[in-house]
Structures are given as structure tokens and as C-alpha cells.
There are 2 protein chains.
Amino acid sequence: MARTRRPRKSLLLGRAESTRRGPSPAITLGALNSHLGYFVRRLQIWVFQDFIRTLERIDLSPAQYSVLVVISANRGLSQAELAATLGVERARLVRLLHRLEGRRLIQRLRSSADGRRHALRLTPQGQTLLARAKTLAARHEARLIGRLRPERYKMLLDAMRDF
Amino acid sequence: MARTRRPRKSLLLGRAESTRRGPSPAITLGALNSHLGYFVRRLQIWVFQDFIRTLERIDLSPAQYSVLVVISANRGLSQAELAATLGVERARLVRLLHRLEGRRLIQRLRSSADGRRHALRLTPQGQTLLARAKTLAARHEARLIGRLRPERYKMLLDAMRDF
DNA sequence: TATTGTTATACTCTATAACTATA
DNA sequence: TATAGTTATAGAGTATAACAATA
């Protein structure tokens, strides 16, 4: 089992110059330096790389983690609600949930009130794995705080959260 | 021509609750709320959506824009250097550059000093299109400043840039 | 008719391996 | 042998359309 998942390495918009080795010709990012999106993307890739590696040992992707978290916090919600909350296509959720169900982490129960809906919930194994994932995720978050410096971390979190 | 490119809509980690319509069952994001990565991703998607729409009218993706920008700022650089700077695989650059070359926006010149390398540069058409793209990009950036509020925009940019 | 879950298709992006031609 | 550019493949993510069952 334990599907081989590999961390993402690339940035759509560009990468930190520090990655270039040696003195070399010193390539510049040009106009990319005046795009907030470039830096947001860079930070996002960096954070996700660490998060992917963090959850790798329990064979969970960030997407799977977020699915478990939202199901756990909203026991019995439907696939359409989950899709809307996570911003993924209903169609994509199908395979995602299928795999989690195959690993006995979640259950899909036909709703008695509305025969079209599946009520989603974690199995006991799912709850156990999510608890483990949250412990790992907390360590990841602590790592971020250390690397970004606590003041900057807090500033970024406050600014983005309240946006 | 004008390939149909569609804006990305989904968020790996989740979406703003505000997206949910009506009072409804009020689904919560649970533990996602304590992850900086979740908010960074959310902001990144939001910024990129606007950027993608911005460049759509000149049939340019963010990746293509960043390629043109870096070539423009580093005339004559090699594909390997470009790949390292942008953090994309050398392999992926091939097709990307092939398309830009097909549209006569860039040129690949065999290096006389080292027969293995291709020296990259913009064609006059490429320079013209990039100039147009930069104008559009500046409007996009102005939109971000307005939506995020100038103080927050500056704070975020400073914090991420100097990280 | 509209919605839920599902299947299918097409395209993008990522990771990797292997090939060629040069060095 | 190492590097630059290339080709090919496999997997994940995204956008879309269409279908059956249910409302």
C-alpha cells in the first residue's frame, strides 16, 4: 500500500533567488518582484512542501487532510456541501472519498430524509488517524512559526484571516 | 487560435465561508482555521484568479507571463537557467517555450560558445506583448491594493518579500 | 425541473526516467 | 562523465458535460 506521493517542488510564478547556487550569472526575477502574487505563491509552495512531508508518513495528502477535518467538524454533511466548503468539484470528491472509504477512514450513509444525499462521517479509524494527523499538523505549524518568526507569523495570519 | 483557458476555481485546503449562500446548516472549517497554509492558499487562489482573468484577453497564462518577464530581464539565458529560476522542470519548459516560439514571442538561438545551450530572447512581437501584459498586470496589482486595503497590501508584501 | 452522486473526457501541472548531442 | 535540451509516461488536479436516481 502506502502510495508513493512526492512533494511538489515548483512554483508557477518563480522561485527564491537564494536557490541558485554559487555566484553564477545572477539571474534576476525582473518585474516579478513587484507582484504580491509571486510572493504569496512562493510562500504557499514553501508551506505546502513542509505540510506534504509532514503528512507523508501517515499517507495523507493535504486535500485528504482537509476532507477529514471538515467531515469531523460537520458530521453527516453531504458530498455537495463538502465540495462547496472545500471548493473542489463534486466530481473530484467522488474518487477522493472512494479512496478514504476504501481505507475505512470515512463512511457514506444514505440519508433517510433525502435519498439522493450521502451523509458523511468518520469511522473510529478515521478519527484515530485524524487525531494523529492533527498532532503532526501542530508540529508543522510550530515549525512555520519558528521559521517565519513569531511576530511575522502572527501578522500574516491576522492579516489574511481577517481579509 | 486563442486557446480556451479557464480560471482555476478550487482551493486545495478550503474556501472562504462567505461563499456559502443563505443561512443553511452553516458548515464550519474546523481545524483548518488554525493553519496559516490554509489562508495563504486561499489568498493565492484569489489573487491568481484575478491574474488569470487579467491576462486572458491576450491569451497568456501566469506561467507564460513569468517566462516572458524573466527572459526579458535576462536576455540570452539558457533553458536550464530559466527552469531553475522559475522552479519548473526543464522538461516542462520545453513545451511551454515551444508554444511561445510558435507564436513568435521568443527565439531560441544555439549558443556558439556551448553547442548544448539555447540562448533565449524575446522577439520584437514578444517585447510588444510583454509591454501590454505589464500594463494589464499593473492594473491587476492596483486592484489587489484596493481590495486588500493599501496598508494590508504593503504589510503583506513587505513581510513576504523580506522572508 | 432541479439536485445528488456518478462517470467520462480533455487539458494542465508535476515528477521521473531515459535518450541525443554536445562538452 | 556530465550537462542541455528533449521525449515519454504516470499521477494529480481542474473544468465540463452528461447520466441515473431522487426530489
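Order of the sequence lines sets the chain letters (A, B, ...), proteins ahead of strands, with each chain counted from 1.
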Is B:Met155 reachable from A:Tyr38 through a run of I, L, V, M, F, W or Y residues, each pair having side-chain heavy atoms under 4.5 Å apart? no

Side chains of A:Ser78 and A:Arg117 only: does a donor on one sit below 3.5 Å from an acceptor on the other? yes

Quick one: side chains of residues 127-138 of chain A, donor-acceptor pairs under 3.5 Å with protein atoms, not counting sequence neighbours, listed by atom name and distance.
{"residue": "A:Thr128", "atom": "OG1", "partner": "A:Pro124", "partner atom": "O", "Å": "3.0"}
{"residue": "A:Thr135", "atom": "OG1", "partner": "A:Ala131", "partner atom": "O", "Å": "3.1"}

Considering non-hydrogen atoms only, spot the tightest contact between A:Gly37 and B:Phe48 and give its length. O-CE1, 3.7 Å

By nearest-heavy-atom nucleotide on DNA chain D, the more 5' of A:Leu96 and B:Leu77 is B:Leu77

Take atom CG of B:Asp59 and atom P of C:dC11, then tell me their distance rounded to the nearest Å. 15 Å

Between atom CG in B:Leu86 and atom C1' in C:dC13, what is the gap in whole Å? 14 Å

Do side-chain atoms of B:Asn74 reach the backbone of A:Thr28 as a donor and acceptor pair under 3.5 angstrom? yes

Nearest whole angstrom, please: distance from the P of D:dT14 to the CZ of B:Phe48. 14 Å

Could you check whether the rings of A:Phe51 and A:His140 sit parallel, tilted or perpendicular, using 30° and 60° as the cut-offs? tilted

Spacing between A:Leu82 atom CG and C:dT4 atom P, to the nearest angstrom: 13 Å

Can you tell me the distance, in whole Å, between the CD1 atom of A:Ile45 and the C1' atom of C:dC13? 11 Å

If you measure only the distance, is there a donor-acceptor pair under 3.5 Å linking the side chains of A:Arg121 and A:Gln107? yes

Between P on D:dA12 and CD on A:Glu56, what's the gap in Å once rounded to a whole number? 13 Å

When you check the side-chain N and O atoms of B:His98 and B:Arg108, is any donor under 3.5 Å from an acceptor? yes

Whole-Å distance, A:Glu89 CD to C:dT9 P, equals 18 Å

Tell me, do A:Leu29 and B:Thr85 make a side-chain contact under 4.5 Å, heavy atoms counted? yes

Produce the list of close N/O pairs, under 3.5 Å, pairing protein atoms with atoms of nucleotides 6-9 of chain D; give distances to one decimal.
{"residue": "D:dT6", "atom": "OP1", "partner": "B:Arg108", "partner atom": "NH1", "Å": "3.2"}
{"residue": "D:dT6", "atom": "OP2", "partner": "B:Gln79", "partner atom": "OE1", "Å": "3.1"}
{"residue": "D:dT6", "atom": "OP2", "partner": "B:Gln79", "partner atom": "NE2", "Å": "2.8"}
{"residue": "D:dT6", "atom": "OP2", "partner": "B:Arg108", "partner atom": "NH1", "Å": "2.9"}

Using whole Å, what does the distance between atom P of nucleotide D:dG13 and atom CD of A:Gln44 come to? 13 Å

Find every protein N or O atom lying less than 3.5 Å from an N or O atom of nucleotides 20-23 of chain D, and list the pairs.
{"residue": "D:dT22", "atom": "O3'", "partner": "A:Gly115", "partner atom": "N", "Å": "3.4"}
{"residue": "D:dA23", "atom": "OP1", "partner": "A:Gly115", "partner atom": "N", "Å": "2.6"}

